[in-house]
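Take a look at the structure set out below.
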Amino acid sequence: MTPTIVLPVMIGGLYAAGVYLLLDRSLTRVLLGFLLLGNATNLLLLSTGGPAGLAPILGYSEPEAFNDPLPQALILTAIVITFGVAAFLLAMIHRSWRLARNEAVGTDEEDRRVAARRGTDADELDPDDLAPEDRAAMHADSRAADADELVDDVGLPTGSGAR
Amino acid sequence: MIDVLAPLPVLLPLLGAAGALLVSGHPTFQRTLSTVVLTAVLAVSVVLLIMADADGASAVSVGGWPVPLGIVLVVDRLSALMLVVASTVALGVLLFAVGQGSADGDEGTPVSIFHPTFLVLVAGVGNAFLAGDLFNLYVGFEILLMASYVLLTLGGTAARIRGGITYIVVSLTSSLVFLAAIGLVYAATGTVNLAQLAVRLGELPEGTQVLLQSMLLIAFGIKAAVFPLSAWLPDSYPTAPAPVTAVFAGLLTKVGVYAIIRTQTLLFPGGALDDLLLWAALATMLVGILGAVAQSDLRRMLSFTLVSHIGYMVFGIALGTAAGLAGAVFYVAHHIAIQTTLFLVAGLVERQGGTTSINKLGGLARRSPLLAVLFFVPAMNLAGIPPLSGFIGKLGLLQAGVADGSAGASTLVAGGVLTSLLTLLAVARVWTRAFWRSPNQSPAEDTAGAAAADAVLRRRAGSADGAGSPDGTSSPDGPARTALQDAWRRHTAVATASEPDLPPAAGAVRALRPLPRTMVGATAALVALTVALTGLAGPLYGLADRASTDLLERTPYVSSVFGEGEVP
């Protein structure tokens, strides 16, 4: 038998559709994409067995006419693994939906925080570099004036902070 | 003897997992069972290492099928060494988890699931190290990944689900690339047996070889978190419980590195993609460590250093010389231990300080000197301060790079030194903030005081604008007033950094729960192990040397599978 063009075309199409779906933010589409990619890979494994032959059962036909049984064994294992992982992923999507009523890939909040931070941390800034109105309230530089105001209010001894 | 021992690192944890699942109603029995199983795995691994180092590589046909047909497990110096290190840290992490579980009364996390899953993870890691054919390696990866999915999403909180989904989708993609690569390798050579592939792959046209090699490297590169395939790691690891992150950080990426070593030495020894790997190593080191310096969360910082230091191992592999490989093998062993330990310490820090954000932590060195020591020693080791093992590993790699002498290798040497310095900066930041500064210098508490004082000022301004109450009705009295005075004095003390003996703010020093002894003990044992790696660096480096010689010769591996005779 001669190899056909059908299998490579199907594999290519499944890979393309799978990658497209995998790049989506919606988790259900990601799951579908993963299933398509898994099927594409299984077909790829199948096609490595060479042209189609007879079932590899001893006594059923001549060994020369056999199909290569090893890729089929590999596919069986791969199918089982894909099935298990897909079930787990589905459970995760369900959980995500229950928790957040949302089945899109979430954002890494801490990452956004780090990215949005301007320059250094607040306690690494030198207040002398800032305009007075930008300084943190009650910062050391303005404490003398603040303290005077506070003294009026709470009656602290003057200069308790000025050293 | 080896026929019996070699399958045990896979079989024992799997059987143990089944047993642990059966006795999930009896936590004490379950803990004892998993501890005993992992101790047995460690003992078997040590025996395997001794045998492999004495007699060289040996192979076991599981199921008794003749060699190219059945599944083979191969024990050589590299895989035996990896097994020993992996089972040691797995045991340490298990003890830590046992301590955490019994301290928390097993609330929140379903521990009945944790122990069986953890054992399955160890079985998968063992299978990946011992696998003698490509498909069995894939199965090993899948076993450990499947267990890791469960462990990472333990408890199913929103943060873990979010991080877990990223991790799962990325791992799935890498597995599919790996599986497709296996299919193509089989189509090209007609075998998936590693030893047979070592012979047959060399006969393929060069373009086919590069295609297969790059597909395998992409699959393993994702698992090992080599830049640019590393972005998933700092996103997903920090959300998991401390022992889980620790074991992931120690083992999972290193399984990927192990697979890269095998690909580059046994399957494709031509070094076709060495230059590419070299630059990937440089990018991994620098991008990873720059990310680490920017983080303000201890666990995320550690995750980024994990990515960064993968670059050192890839550097050694990409050099392709015996010295480079020996450095890489030593560094893998060192880094498994060190990174696991640091993540366990991060777990203790979170327990003691209530957070892992280094901006909120403070004064841990005074409050818990033992914890400070437990962090300081491995942190300095990670940064590569002499004479610790991190220094020895880096020195070996840098020497190998200098000996190589090419422009790329020299750039890598410079990059390696820079990364080491930046690692020191990153851990020193954690040290000065979380451990070294005094507790009432921590900005969280400072802000509370400043906010109270601010409120007074604002009220004063408001009353001045309004009808005016000159007799001071706006000023608080009684306990509120005392609290305000305290807050103000504390705030000014922070600003001037004097008066260290001020009374701490109410609630600033939380009532500390004493750290559970088992957790501290397990962490301390791992810290002792990392220090011991320094003491044992001579023999260990010798072993790494012999392992890398084996890897480059390739014949020990191949002839262990097929015997001394002709390879089919």
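Reminder, nothing fancy here: chain letters follow the sequence lines and each chain counts from 1.
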Cut-off 4.5 Å, heavy atoms of chain A, and the answer for B:Ile168 is side chain
query: Counting N and O atoms only, with roles assigned by atom type, does the side chain of B:Arg299 sit under 3.5 Å from a partner on the main chain of B:Ala346, one being a donor and the other an acceptor?
result: no
_Could you check whether B:Tyr167 and B:Thr153, counting side-chain N and O atoms only, form a donor-acceptor pair closer than 3.5 Å?_
no
So, the part of B:Tyr149 with a heavy atom under 4.5 Å from chain A: the answer is both
Highest number of heavy-atom pairs under 4.5 Å with chain B among A:Ala40, A:Gly18, A:Ala78, A:Pro71 belongs to A:Pro71
Aromatic ring pairing B:Phe141/B:Phe178, orientation class (parallel under 30°, perpendicular over 60°, tilted between): perpendicular
Checked A:Val30, A:Leu70, A:Leu22, A:Leu89 vs chain B; the most non-hydrogen pairs under 4.5 Å come from A:Leu70
Honestly, the part of B:Ser236 sitting under 4.5 Å from a heavy atom of chain A is neither
Honestly, the part of A:Leu44 sitting under 4.5 Å from a heavy atom of chain B is side chain
* Asked: Does any N or O in the side chain of B:Thr208 come within less than 3.5 Å of the main-chain N or O of B:Leu204, such that one atom is a donor and the other an acceptor?
  -> no
The interface call for A:Leu27 against chain B, heavy-atom contacts under 4.5 Å, is side chain
Check: Strictly by modelled atom types, are A:Thr77 and B:Tyr138 linked by a side-chain donor-acceptor pair under 3.5 Å?
Finding: no
The interface call for A:Ile81 against chain B, heavy-atom contacts under 4.5 Å, is side chain
So, the part of B:Val150 with a heavy atom under 4.5 Å from chain A: the answer is both
Scan side-chain atoms only and decide if B:Tyr186 and A:Asp68 contain a donor-acceptor pair under the 3.5 Å cut-off.
yes
